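To start, the structure under review is shown below, and the notes come after it.
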Amino acid sequence: MAASAVLAVLAGAGTASAAGSPKGPDPLAPPPKVHGPEAEMSIMAGSRPVSGKNPSAGPQFTKSGDTWRVIAPEVVLRNTVTDADGEKSNLTFEVWTAKADGTPGTKVKLTDANPYGVLVSPYVASGSTAKVQVEYGRLKPRTDYLVHTNAYDGSLYETNWSPWAKFRIEPYVTFPVAQSSSTIDSTAQTTVEFTRTDPDGSATPTASTTSPSPALADFSADDCSKPDKQDRRVCFTLDKADKTKTGKRPAPGKTRETAQDFTATAAKGGLGANAAVDLVDWCANAADGLDYMNRTEACLKDLGEGELWFFDADPKKPAIGRGTFLFEQRMKTYRNKSESGSDFAEFDQQLVITPTYIDPALEGVTMKWNIDSSCSSCDVAPIQWVDNQANPTDGAHWDYDPAGDYHGRWGTVVTRWTGTGKEQIDLDWSITATVDASDSVDATADFGSSGIDQVRELAPRCDDITRGAVTPGCVFPFFKPTFTVDTNLYPAAGAYYWLMQERMPDHAGSKKWDSLVHYLGPDTTVKNPSTGAPWSSDDSRKVVCPTSWTKHPADDIVGSTDCDEYAPASTHESGGFPGGINQVSDGSKCAQLYTDWAFNGVGDGSTSFGLFADIRTAVNGPTGTERCGRAAIDSAQNQGAFHKLQPSVWRLTDGDGFFIDTPGFNHCSGVAVTCTWRKI
């Protein structure tokens with residue numbers, strides 16, 4: 001066919017298609033000749049180039065169903081192009097809005113560089129991928145679009161468009177304006193169950209104590225006294241096989257959150273019948289057989305049952321008498337003078353002993369609580385004992401009572417730390433028992449310690465260096481607090497932190513992933529090489545968010561934004577912290593993100609804004625391997641989201657671990673689809 005005849009056919013096809021169409025562009029019309037009139041052809045001109053069958057959109061070129069999900073408004077469109085003659089070719093990209101039925105709606109002007117509003121790629125080799133990038137502001141988030149392409153090899157146009165491909169700009173997260181009020185308590189904590197790592201020292205309970213009537217020969221010598229003048233002995237053991245335990249316990253050194261309400265009225269009867277004497281007011285109402293703690297208190301209801309046996313001279317004869325006792329323990333630290341009333345740091349301990357049976361042959365029993373400590377600067381007051389009604393008693397002693405109406409004894413000891421700097425204090429406990437029937441024999445049961453060296457779960461730490469604290473105080477550093485971002489007042493910041501926790505390799509701060517961040521305290525040993533001063537959060541921030549950083553353009557409705565880094569600059573997990581797990585040379589190595597308008601057309605205000613990929617540095621957007629984040633976040637939210645993270649509340653010192661919770665986004669299962677904020 002002659003060249004003029006080909007052009008006539010193309011022209012005729014365009015006229016016929018448009019004749020029955022409404023005014024406006026026709027999505028099925030022949031491709032526009034953006035290069036000018038097609039070159040005159042001869043019969044030997046060669047083959048026309050062909051577009052690929054599968055146009056795509058990105059970044060990150062992933063599909064959700066039949067739609068390409070794009071994470072940045074600067075959409076990259078691409079398709080393959082082939083020329084049978086092996087010539088280089090380019091592609092013309094045309095975009096239309098998509099109607100509800102999936103058909104083209106309105107053509108979108110992608111550029112002002114040509115009258116057709118289409119984008120043309122550079123020439124690429126045959127079989128390669130051609131691509132173009134739509135400039136910011138041309139396409140709207142959360143709108144369905146269709147794209148198709150047409151090929152050109154410098155002489156010949158493809159006579160048809162490629163198939164359509166649907167795409168949509170979807171932010172990682174959507175959220176509303178900041179709410180005017182919130183009930184979220186950023187510093188509230190949940191008491192956790194834990195398992196002691198050294199519950200009874202080096203002692204190993206003997207199987208013989210499970211026998212109804214063991215003989216002296218069944219006991220280890222360490223559990224028994226030397227003989228008295230009548231060759232009698234007492235043996236004292238602690239049985240850890242608590243039959244009241246239910247459910248799976250945490251592994252030693254681990255914790256598990258519990259939703260149990262310990263603020264209800266104290267349980268009737270048994271230990272804790274009178275809450276007035278209880279050092280930890282919620283402990284009386286906690287389930288038996290388990291141990292619990294928070295940052296300042298511990299409730300040990302898993303000490304077990306003590307058994308006291310009295311034997312005569314014959315080691316093979318059954319015991320003369322027996323006594324059984326239940327033990328519980330409480331511990332309480334005070335964060336400051338307003339809690340303790342003391343000018344010194346203070347922690348208190350309390351032991352609760354209740355007899356369940358005393359044989360008449362024992363006549364009576366006395367228990368002595370032995371407390372040892374590694375403290376280098378402590379004043380320890382004498383143990384004060386009271387009964388269930390808070391009446392002072394002369395130690396923990398019970399006479400045999402035929403009615404068996406025995407009441408508990410509550411021993412409390414006050415320890416004041418008078419040191420400087422900080423000190424974590426290891427504790428050991430044991431109980432020495434004597435019987436009235438023999439005033440010269442006693443036996444001691446080991447009640448364990450505050451934990452093995454690697455864990456030290458019950459070892460209080462006292463300091464006078466906590467930032468923001470005006471007086472010394474003590475806490476249990478084993479308990480890892482949770483800082484809850486108020487995602488009602490700071491939804492943009494909360495969305496960003498949630499996303500980074502999901503995508504960072506170490507999931508820094510995420511409770512879901514059980515990944516702590518660690519506080520950068522004033523007592524850090526890491527120095528700024530330029531000044532010699534301790535490394536600070538400002539030093540870390542300058543690495544990730546230097547003054548040279550420029551914000552990504554955004555809709556005016558977004559308002560002022562700041563550079564916000566994650567993990568926070570106040571943690572060892574910050575990308576700017578020297579030697580940290582996430583250290584980077586500069587902020588360009590972090591995931592780049594920004595806040596922008598993301599109106600969805602619903603008008604309910606819940607998805608007005610979104611978090612998008614900033615592709616100015618990394619053209620394909622974050623990969624999920626970045627060790628840190630850098631984002632343009634609403635200035636007020638950036639500056640306010642962490643303002644309640646006050647180190648003095650938990651007496652945070654350098655290296656203390658804590659979690660960062662983002663409750664308005666915790667319902668989301670991951671980042672494959674857009675996470676939508678929920679009000680809490």
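Fair warning: this is a prediction, and the values are worked out from it, not measured in the lab.
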* **Check: Ser376 main-chain N/O paired with Glu423 side-chain donor or acceptor under 3.5 Å** => yes
* **Distance-only polar pair, side chains of Asp442 and Thr434, donor-acceptor under 3.5 Å** => no
* To do: Identify, with sequence neighbours excluded, every residue that meets side-chain hydrogen bond (donor to acceptor under 3.5 Å, both in side chains) alongside Asp348.
  => Tyr334
* Quick one: side-chain hydrogen bond (donor to acceptor under 3.5 Å, both in side chains) partners of Asp372, sequence neighbours excluded? -> none
* Distance only, no hydrogens: is a donor on one side chain within 3.5 Å (strictly under) of an acceptor on the other, for Trp282 and Thr191? -> no
* Give me the ring orientation class for His572 and Phe577: parallel if the planes are under 30° apart, tilted from 30 to 60°, perpendicular past 60°. => parallel
* Verify the distance criterion only: is there a donor paired with an acceptor across the side chains of Thr356 and Thr324 at less than 3.5 Å? => yes
* Step-by-step side chain to side chain donor-acceptor pair (under 3.5 Å) determination, Arg335 to Thr471 -> CA-CA 8 Å; Arg335 294 175 294 182; Thr471 59; over 6 Å; no
* Quick one: do the Asp506 and Ser515 side chains pair a donor with an acceptor below 3.5 Å? -> no
* **Residues that Arg503 engages under salt bridge (Lys or Arg N to Asp or Glu O under 4.0 Å), provided they are two or more places apart** => none
* Asp288/Lys301 ion pair, N-O < 4.0 Å -> yes
* Asked: Can you name the residues that form a side-chain hydrogen bond (donor to acceptor under 3.5 Å, both in side chains) with Ser374, not counting sequence neighbours?
  -> none
* **Check against salt bridge (Lys or Arg N to Asp or Glu O under 4.0 Å), Lys332 and Glu346** => CA-CA 9 Å; Lys332 187 177 183 68; Glu346 180 181 324; over 6 Å; no
* To do: Apply side chain to side chain donor-acceptor pair (under 3.5 Å) to Asp228 and Ser438, showing your working.
  => CA-CA 7 Å; Asp228 65 6; Ser438 175; 2.6 Å; yes
* Any side-chain donor-acceptor pair under 3.5 Å between Arg233 and Ser225? -> no
* To do: Could you check whether the rings of Phe447 and Phe236 sit parallel, tilted or perpendicular, using 30° and 60° as the cut-offs?
  => tilted
* To do: For Ser449 and Asp428, indicate whether the former's side chain and the latter's backbone hold a donor-acceptor pair under 3.5 Å.
  => no
* Among side-chain atoms of Asp661 and Thr482, is any donor-acceptor pair under 3.5 angstrom? -> no
* To do: Can you establish whether the number of heavy atoms outside Phe344 located under 6.0 Å from its atom CZ is more than 12?
  => no
* Is it true that a side-chain atom of Asn336 and a backbone atom of Glu339 form a donor plus acceptor pair closer than 3.5 Å? -> yes
* Asked: Under 3.5 Å, is there a donor-acceptor pair between the side chain of Gln189 and the main chain of Arg295?
  -> no
* Structure fact -> The side-chain hydrogen bond (donor to acceptor under 3.5 Å, both in side chains) partner of Lys422 among Asp463, Asp654, Asp523 is Asp523
* To do: Decide side chain to side chain donor-acceptor pair (under 3.5 Å) for Asp486 and Ser182; before the verdict, give the C-alpha distance in whole Å, the side-chain angles of both, and the deciding distance to 0.1 Å.
  => CA-CA 8 Å; Asp486 193 327; Ser182 179; 2.9 Å; yes
* **No-hydrogen, no-angle side-chain donor-acceptor test under 3.5 Å, Gln384 and Trp410** => no
* **Ala437 backbone acceptor or donor facing Arg232 side chain under 3.5 Å** => yes
* Asked: Which value, rounded to the nearest 0.5 Å, describes the distance between Thr296 atom OG1 and Arg651 atom CZ?
  -> 12.5 Å
* Please assess Tyr406 against Ile353 for the test side-chain contact (heavy atoms from CB on, under 4.5 Å), listing each intermediate value before the final yes or no. => CA-CA 10 Å; Tyr406 299 110; Ile353 311 173; over 6 Å; no
* Only counting residues at least two apart or in another chain, list the ones meeting side-chain hydrogen bond (donor to acceptor under 3.5 Å, both in side chains) with Thr444. => Thr432
* Asked: For Gln424, does its backbone N or O pair with a side-chain atom of Arg456 as donor and acceptor, under 3.5 Å?
  -> yes
* Asked: Would a distance-only check, ignoring hydrogens and angles, find a side-chain to backbone donor-acceptor pair under 3.5 Å from Glu307 to Glu305?
  -> no
* For Thr653, does its backbone N or O pair with a side-chain atom of Asp656 as donor and acceptor, under 3.5 Å? -> yes
* **Short side-chain to backbone donor-acceptor contact, Tyr497 and Ala567, under 3.5 Å** => no
* Asked: What do you reckon, are the aromatic ring centroids of Phe476 and Phe347 less than 6.0 Å apart?
  -> no
* To do: Could you verify whether a donor N or O on one side chain and an acceptor N or O on the other, from Gln349 and Trp369, lie under 3.5 Å apart?
  => no
* To do: Please test Trp677 against Thr487 for side chain to side chain donor-acceptor pair (under 3.5 Å), starting from the C-alpha separation and ending with a verdict.
  => CA-CA 8 Å; Trp677 168 91; Thr487 50; 4.6 Å; no
* Quick one: list whatever passes salt bridge (Lys or Arg N to Asp or Glu O under 4.0 Å) with Lys480, sequence neighbours left out. => none
* To do: For the pair Trp398 (side chain) and His407 (backbone), establish whether a donor and an acceptor sit closer than 3.5 Å, ignoring hydrogens and angles.
  => yes
* Give me the one residue out of Phe659, Trp513, Tyr566, Trp498 that meets ring-ring contact (aromatic ring centres under 6.0 Å, His included) with His507. => Trp513
* Consider only side-chain N and O atoms of Asn391 and Thr393, and report whether a donor and an acceptor are under 3.5 Å apart. => no
* To do: Could you tell me how the ring of Phe325 sits relative to the ring of Phe327: parallel (under 30°), tilted (30 to 60°) or perpendicular (over 60°)?
  => tilted
